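The structure presented is a predicted model; accordingly, all values stated were derived computationally and were not measured. Counting convention: from 1, in listed order, for ligands and their atoms alike.
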Amino acid sequence: MGRAFVYVILGGGVAAGYAALEFSKRGVSPGELCIISDEPVAPYERPALSKGYLLPGAPARLPSFHTCVGTHEERLTPKWYKEHGIELVLGTRVKSADVRRKTLLTATGETISYKILIIATGARALRLEEFGVNGSDAENVCYLRDIADANRIVDVMKSCPEGNAVVIGGGYVGMECAASLVINKINVSMVFPEEHCMARLFTPKIASYYEDYYNGKGIKFVKGTILSSFEFDSDGKVTAVILTDGTRLDANMVIVGIGIRPNTSLFEGQLTLEKGGIKVNGLMQTSNSSVYAVGDVAAFPVKLFGETRRLEHVDSARKSARHAVAVILNPEETGEFDYLPFFYSRIFSLSWQFYGDNAGEVVHYGDFLGTKFGAYWVSKGQLVGSFLEGGSKEEYEAIARATRQKSTVENLTELEEQGLGFALAI
Ligand code: FAD
Ligand code: NDP
């Protein structure tokens with residue numbers, strides 16, 4: 001049993017949805033393109049899962065957040081794919097790939113062949129067992145990567161109104177889920193190994209603003225320690241979390257957000273890997289010229305920094321996917337991907353954006369007691385990274401522009417005094 005396509009996108013997440021839109025804009029004939037996904041639904045905007053999806057009241061539900069509503073473009077419902085002759089093979093896991101023969105074998109035993117493959121397999125959540133702690137299968141221990149995970153969080157929250165949640169991990173999932181839990185009137189303790197939240201991006205000063213804000217919402221932080229074990233009741237539900245420093249926290253539910261691993265396993269030994277992902281060149285092409293990789297799974301050259309990076313953010317997934325399709329369909333007109341890294345989060349009434357790289361010396365600016373503040377990172381006399389909380393559209397555009405241009409910084413004290421004015425003047 002088998003089917004053949006000109007183009008196959010493996011994975012049905014954010015990158016796949018944006019690639020499909022780009023294929024349709026640039027012109028693909030009915031029957032040429034197929035998307036294979038082990039999720040049962042058409043591609044959707046994954047960021048909704050830790051934000052709108054978890055809200056009480058009128059939570060976001062499909063079909064409202066199928067791609068590409070995140071960039072205010074068309075919403076690609078299953079009907080859209082049908083009308084455009086794009087085959088959606090959903091609920092189907094690819095279990096092996098042969099890049100030499102250009103075939104994929106699904107778990108249902110079907111062989112799907114391609115001329116060009118785009119790998120968009122994203123990543124999976126790291127599990128506690130990988131750190132030597134058992135208990136992930138308990139019904140009130142939750143992860144968050146897909147809709148099934150989000151539904152589980154919603155069900156578990158409903159089963160323990162005004163109960164206690166322990167959030168493991170102080171990264172993006174931890175911070176955004178803690179906010180959603182509090183909005184659902186659940187008491188939250190956050191546990192993580194670092195000295196402050198969002199340790200890979202935030203400076204201690206930035207982190208302390210958010211931690212104070214979270215404290216004000218009743219969220220407690222237990223820092224510098226990690227989970228050691230769980231206590232269970234006779235039904236196998238977790239009732240308490242024991243930390244390595246001996247602390248015991250009562251828990252009606254646990255959310256774990258301790259990082260991800262890119263889904264590369266189908267291609268190990270067949271394609272070159274780097275930084276935990278599939279290595280691509282500036283055209284998003286892997287070490288096999290018929291195979292492209294985009295989104296969380298791709299390690300690509302970030303021209304601006306002269307370095308290969310793997311980025312785990314939605315803007316990079318959207319743009320890298322579009323770029324790969326542009327290269328495939330309009331090779332003469334498409335150069336190398338020239339991407340400015342962009343991360344953001346929205347929590348409670350807060351909202352921040354970050355552009356570039358958090359390397360070099362840091363200069364903070366603005367009102368850390370108020371609602372608008374930020375930071376610049378300066379390396380070798382050039383602006384390489386910019387963070388802003390509470391900015392307007394124009395202000396975010398200004399910090400992005402100044403970072404993209406690697407604006408010259410002559411004096412750090414002057415930069416501090418100029419603050420946002422520095423970027424706005426460029
Ligand atoms: P994914 O969207 O993960 O899609 C991968 C797809 O491949 C999935 O459908 C998966 O099921 C499928 N797949 C994998 N292996 C196989 C296989 N063998 N066979 C078939 N199908 C397979 N980023 C931001 O910048 N801002 C945010 O606010 C933000 N919020 C987020 C909130 C949550 C809860 C999560 C989990 C992530 C968030 N991100 C955010 C990150 C962003 O969603 C990812 O960077 C983005 O989804 C990556 O897109 P992708 O297409 O590479 O991978
Ligand atoms: P992150 O990498 O953001 O954070 C993981 C956190 O867990 C870090 O603080 C990490 O510490 C900590 N940690 C690691 N191991 C342990 C442990 N054993 N016990 C306790 N804490 C531990 O990953 P997330 O899981 O938060 O997010 C998953 C993915 O989802 C990421 O790709 C992220 O980009 C994406 N996402 C993005 C959002 C956004 O951009 N707004 C929102 C939600 C998700 P250490 O640094 O020391 O390893």
Side-chain angles (χ1 to χ4, degrees), residues 9-19 35-51 53-54 67 70 89-97 104 106-107 118-128 130-133 143-150 153 167-177 180 190-201 222-223 225-228 243-244 255-266 277 293-298 310-318 320-321 341-347 352-354:
I9 302 173
L10 171 53
V14 170
Y18 281 79
I35 296 177
I36 313 172
S37 175
D38 59 2
E39 292 194 75
V41 292
Y44 57 88
E45 302 284 359
R46 205 163 297 279
L49 297 183
S50 52
K51 304 174 188 73
Y53 204 91
L54 300 181
T67 57
V89 181
L90 299 178
T92 304
R93 166 156 285 271
V94 167
K95 65 172 192 183
S96 67
L104 304 172
T106 70
I118 300 182
I119 303 171
T121 46
R124 64 174 181 84
L126 275 172
R127 289 173 70 85
L128 288 169
E130 294 168 70
F131 295 89
V133 176
Y143 289 81
L144 184 53
R145 186 71 202 177
D146 57 23
I147 287 197
D149 295 335
I153 293 179
V167 172
I168 313 278
Y172 287 94
V173 161
M175 291 299 279
E176 294 190 3
C177 286
S180 296
M190 289 186 69
V191 178
F192 49 83
E194 303 96 340
E195 283 172 21
H196 62 76
C197 68
M198 295 288 295
R200 273 183 243 162
L201 179 63
V222 187
K223 305 181 203 175
T225 181
I226 55 171
L227 175 68
S228 141
L243 307 180
T244 44
I255 297 185
V256 184
I258 56 173
I260 61 168
R261 281 286 174 278
N263 291 319
T264 56
S265 61
L266 294 173
V294 295
D296 282 9
V297 78
R310 202 180 51 71
L311 300 176
E312 301 171 354
H313 293 272
V314 76
D315 181 65
S316 147
R318 292 168 178 155
S320 61
F342 166 47
F343 316 145
Y344 71 90
S345 186
R346 285 188 294 273
I347 30 192
W352 59 260
Q353 296 193 7
F354 172 86

- Message: Is it true that, when you exclude Arg127 itself, more than 12 heavy atoms of the residues, nucleotides or ligands shown sit nearer than 6.0 Å to its CZ?
- Response: yes
- Query: Take atom CD in Glu130; do more than 12 heavy atoms of anything else shown fall under 6.0 Å from it?
  - Reply: yes
What are the atoms of ligand 1, with element, lying closer than 4.0 Å to any heavy atom of [X]?
{"X": "Leu144", "answer": "34 (C), 36 (C)"}
{"X": "Asn263", "answer": "14 (C)"}
{"X": "Tyr344", "answer": "24 (C), 25 (O), 26 (N), 27 (C), 28 (O)"}

If I apply the N/O under 3.5 Å rule, does [X] come out as touching ligand 1?
{"X": "Val94", "answer": "yes"}
{"X": "Asp315", "answer": "no"}
{"X": "Gly295", "answer": "no"}
{"X": "Val314", "answer": "yes"}
{"X": "Leu10", "answer": "no"}

- Message: For a quick check: using heavy atoms under 4.0 Å, what are the residues in contact with ligand 2, sorted by chain and number?
- Response: Phe131, Ile168, Gly169, Gly170, Gly171, Tyr172, Val173, Glu176, Pro193, Glu194, Arg200, Ile226, Gly257, Ile258, Gly259, Ile260, Glu312, His313, Tyr344, Ser345
Please examine the side chains of [Y] and [X], heavy atoms only from C-beta on, and report whether any two atoms are closer than 4.5 Å.
{"X": "Met190", "Y": "Cys197", "value": "no"}
{"X": "Leu144", "Y": "Tyr53", "value": "no"}
{"X": "Val191", "Y": "Leu227", "value": "no"}
{"X": "Phe131", "Y": "Ile226", "value": "no"}

Which residue and heavy atom of the protein sit nearest [atom], plus the separation:
{"atom": "atom 49 (O) of ligand 1", "answer": "Ala317 CB, 3.5 Å"}
{"atom": "atom 14 (C) of ligand 1", "answer": "Thr121 O, 3.2 Å"}
{"atom": "atom 4 (O) of ligand 1", "answer": "Gly13 CA, 3.2 Å"}
{"atom": "atom 7 (O) of ligand 1", "answer": "Gly11 CA, 3.1 Å"}
{"atom": "atom 52 (O) of ligand 1", "answer": "Asp296 N, 2.9 Å"}
{"atom": "atom 53 (O) of ligand 1", "answer": "Gly122 CA, 3.2 Å"}
{"atom": "atom 10 (C) of ligand 1", "answer": "Asp38 OD1, 3.4 Å"}
{"atom": "atom 31 (C) of ligand 1", "answer": "Pro47 CA, 3.5 Å"}

- Message: Looking at Arg200 and Glu312, is there a salt bridge between them, counting it only when a charged N and a carboxylate O are closer than 4.0 Å?
- Response: no
- Could you pull out, from Glu39, Glu45, Lys51, Arg46, the option with a heavy atom nearest to atom 33 (C) of ligand 1? Arg46
- Message: Among Ser96, Ser265, Ala120, which one puts a heavy atom closest to atom 5 (C) of ligand 1?
- Response: Ala120
Once you round to the nearest 0.5 Å, how far does [atom1] of [X] lie from [atom2] of [Y]?
{"X": "Leu10", "Y": "Ile35", "atom1": "CG", "atom2": "CD1", "value": "11.0 Å"}
{"X": "Ile118", "Y": "Ser320", "atom1": "CD1", "atom2": "OG", "value": "10.0 Å"}
{"X": "Phe343", "Y": "Leu311", "atom1": "CZ", "atom2": "CG", "value": "5.0 Å"}

Would you mind writing out the side-chain donor-acceptor pairs for residues 38-49 within the sub-3.5 Å range, not counting sequence neighbours?
unit_1	atom_1	unit_2	atom_2	d
Asp38	OD2	Arg93	NE	3.3
Asp38	OD2	Arg93	NH2	2.6
Glu39	OE1	Tyr44	OH	2.5
Glu39	OE2	Arg46	NH2	2.7
Tyr44	OH	Arg46	NH1	3.1
Tyr44	OH	Ile147	N	3.2
Glu45	OE1	Arg318	NH2	2.8
Glu45	OE2	Tyr18	OH	2.6
Glu45	OE2	Val69	N	3.4
Glu45	OE2	Gly70	N	2.9
Arg46	NH1	Arg145	O	2.7

- Checking Ser316 side chain against Val314 main chain: does a donor-acceptor pair fall under 3.5 Å? no
- Taking Ser345 as the fixed residue, which of Lys51, Gln353, Glu176 is the one that meets the side-chain hydrogen bond (donor to acceptor under 3.5 Å, both in side chains) rule? Glu176
